[in-house]
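Structure record follows, encoded as structure tokens.
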Amino acid sequence: QYREPLEKAPTPPFSVERGFATLVSLDHDRTELTVVNTGFGSHFNPFIRPFGEKQILMTGSLGGLDAFCQWLGLKKDEIYVVTISKSPFPVRNRRIVVPTTRTVSMKAEERKKNFPKLVKTREEILEAHSEDRGVIHVNSYELVRDLKEAIKNPRLLAPVRSDEHGFLYHRFVTDGAKDAVFVSPGIAEGVDLKDDLARFQIIASLAFPPNKGLLNSLIFTDDLGRKNEALKIREMYRQVAIKLIQQVGRVVRHHEDFGV
């Protein structure tokens, strides 16, 4: 945590471009910048490993041990894995509803045609949870803006730029209305919406990495050192799956908590 004015904020690797995200919360006379790791990958060895002889990495979304070790640059004979195979959270408290008949493609060439369907589905879910607090996960601030303009629901707290995120999120968790709904691409990880802070969430779009993001800047090679795009594609889908696992865990935070 970095509690200095933002103009003195850390420089890379503490930036979105290098695989890190920041959540900013305003508290009267101070600004707090919390650096949240969002998949440190190749940063582990140079930036984290030197801080101690042993590290404990805890995750609910390993994504496969082999891929996990490869992404962090670890050797399997250097690590010891402890697994909790059965969740203490009752299934009835953490239901996931997959609307298989109402999913739509949001590719650029199909977005205009399908966007009204996306809006209609979200409005139906909001109506079904008219007295509950909740969150809507999206993959960009552009989609936040479009949903906000199309739905026009006063319940929505929707930052349309990254610099609005921290202020509106702070408002949501501290003094938001009992039926408030927060819409953002930045709440998949590091967010604790326990109990009545949120009882439902909508995953409006899968979090595929941006074309100019960290993943696409990397070169994946096979065991013979040959460039292999298939490995990059597989890693992309693995990261999307991990992000999805993280998203569904935001509103059920202990064994007595519940949400959908």
Side-chain angles (χ1 to χ4, degrees), residues 21 61 91-165 167-169 171-173 175-189 191 193-211 213 236-237 239-253 257-260:
S61 53
V91 173
R92 66 180 181 276
N93 288 359
R94 51 183 173 93
R95 293 183 299 116
I96 300 173
V97 180
V98 182
T100 55
T101 60
R102 294 186 292 174
T103 56
V104 295
S105 171
M106 290 299 288
K107 293 180 180 179
E109 62 272 17
E110 300 179 70
R111 180 187 176 99
K112 185 176 181 180
K113 177 185 69 174
N114 288 333
F115 184 71
K117 301 177 184 177
L118 184 76
V119 171
K120 185 176 185 296
T121 301
R122 275 65 195 158
E123 288 177 329
E124 291 172 354
I125 298 173
L126 288 173
E127 180 61 29
H129 294 273
S130 59
E131 298 182 357
D132 297 327
R133 291 169 56 88
V135 296
I136 300 179
H137 299 275
V138 296
N139 63 358
S140 69
Y141 286 104
E142 179 185 7
L143 187 52
V144 173
R145 184 186 64 247
D146 291 346
L147 285 174
K148 181 180 180 181
E149 292 176 354
I151 295 177
K152 292 183 172 59
N153 190 318
R155 298 171 61 190
L156 300 184
L157 289 172
V160 296
R161 302 188 310 270
S162 60
D163 59 353
E164 295 179 346
H165 176 99
F167 170 75
L168 287 179
Y169 178 74
R171 177 180 164 190
F172 173 71
V173 298
D175 58 6
K178 66 177 183 179
D179 61 350
V181 178
F182 188 68
V183 189
S184 176
I187 49 175
E189 300 167 295
V191 173
L193 298 173
K194 61 186 177 182
D195 301 322
D196 289 336
L197 282 176
R199 290 301 183 191
F200 77 97
Q201 54 185 347
I202 303 171
I203 299 176
S205 55
L206 294 177
F208 284 95
N211 291 332
M236 177 185 70
Y237 278 103
Q239 290 193 22
V240 171
I242 288 175
K243 183 66 69 69
L244 180 61
I245 293 170
Q246 289 287 336
Q247 287 172 330
V248 299
R250 292 309 93 203
V251 303
V252 182
R253 309 299 295 167
D257 202 0
F258 62 90
V260 62

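None of the values given here were measured: they were computed from a predicted structure. Count residues from 1 along the sequence.
Expressed to the nearest 0.5 Å, how far CG of Leu126 lies from CG of Asp179 amounts to 10.0 Å. Rounded to the nearest 0.5 Å, atoms CD1 (Ile136) and OG (Ser205) are 10.5 Å apart. Rounding to the nearest 0.5 Å places NZ of Lys120 at 11.0 Å from CD1 of Ile125.
Between Leu157 and Val181, every side-chain heavy-atom pair lies at or beyond the 4.5 Å cut-off. The shortest side-chain heavy-atom distance between Arg92 and Phe258 does not fall under the 4.5 Å cut-off. Contact check for Arg253 versus Leu193: no side-chain heavy atoms found under the 4.5 Å cut-off. Between Arg250 and Ile187, the closest side-chain pair of non-hydrogen atoms is not below 4.5 Å. Here the side chains of Pro159 and Tyr141 are in contact, with some heavy-atom distance below 4.5 Å. Annotation: side chain of Leu143 is in contact with side chain of Leu147 (closest heavy-atom distance under 4.5 Å).
Take Asn114 and apply the side chain to side chain donor-acceptor pair (under 3.5 Å) test, not counting sequence neighbours, and it matches no residue. Phe172 pairs by the ring pair (Phe, Tyr, Trp, His ring centres under 6.0 Å) definition with Phe182, not counting sequence neighbours. Residues passing the side-chain contact (heavy atoms from CB on, under 4.5 Å) test with Arg94 are Ser87, Phe89, Val91, Val252, sequence neighbours excluded.
Between the Thr121 side chain and the Lys117 main chain, a donor and an acceptor come within less than 3.5 Å of each other. Between the side chain of Glu189 and the backbone N or O of Lys243 there is no donor-acceptor pair closer than 3.5 Å. Judged by distance alone, the side chain of Gln201 and the main-chain N or O of His137 form no donor-acceptor pair under 3.5 Å.
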Check the pair Val173, Val191 against side chain to side chain contact (heavy atoms under 4.5 Å, CB included), reporting the backbone distance first and the verdict last. CA-CA 10 Å; Val173 298; Val191 173; over 6 Å; no
Run the side chain to side chain contact (heavy atoms under 4.5 Å, CB included) test on Val183 and Val135 for me, step by step, so that the C-alpha distance in whole Å, both residues' side-chain angles and the decisive distance to 0.1 Å come before the verdict. CA-CA 6 Å; Val183 189; Val135 296; over 6 Å; no
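Each salt bridge (charged side-chain N to carboxylate O under 4.0 Å, His left out) pair with one or both residues in residues 129-139, not counting sequence neighbours, would appear here, but there are none. Sorted by first then second residue, the ring-ring contact (aromatic ring centres under 6.0 Å, His included) pairs that include residues 108-132, not counting sequence neighbours, are His129-Phe200. Residue pairs meeting the salt bridge (charged side-chain N to carboxylate O under 4.0 Å, His left out) criterion with at least one member in residues 196-206, sequence neighbours excluded, are Asp196-Arg199, Arg199-Asp257. Listed by first then second residue, pairs satisfying side-chain hydrogen bond (donor to acceptor under 3.5 Å, both in side chains) with a partner in residues 149-164 read Arg161-Asp163, Arg161-Glu164, not counting sequence neighbours.
Between Val97 and Val260 the shortest heavy-atom distance is CG2-CG2, 4.0 Å. For Arg122 against Ala204, the heavy-atom pair with the smallest separation is NH2-CA, 3.2 Å. Between Ala198 and Gly134, the shortest heavy-atom distance links the atoms CB-CA, 4.2 Å. Between Ala158 and Leu168 the shortest heavy-atom distance is C-CD1, 3.8 Å.
The side chain to side chain contact (heavy atoms under 4.5 Å, CB included) with Val138 is formed by just one residue from the set Ile202, Ile203, Val144; it is Val144.
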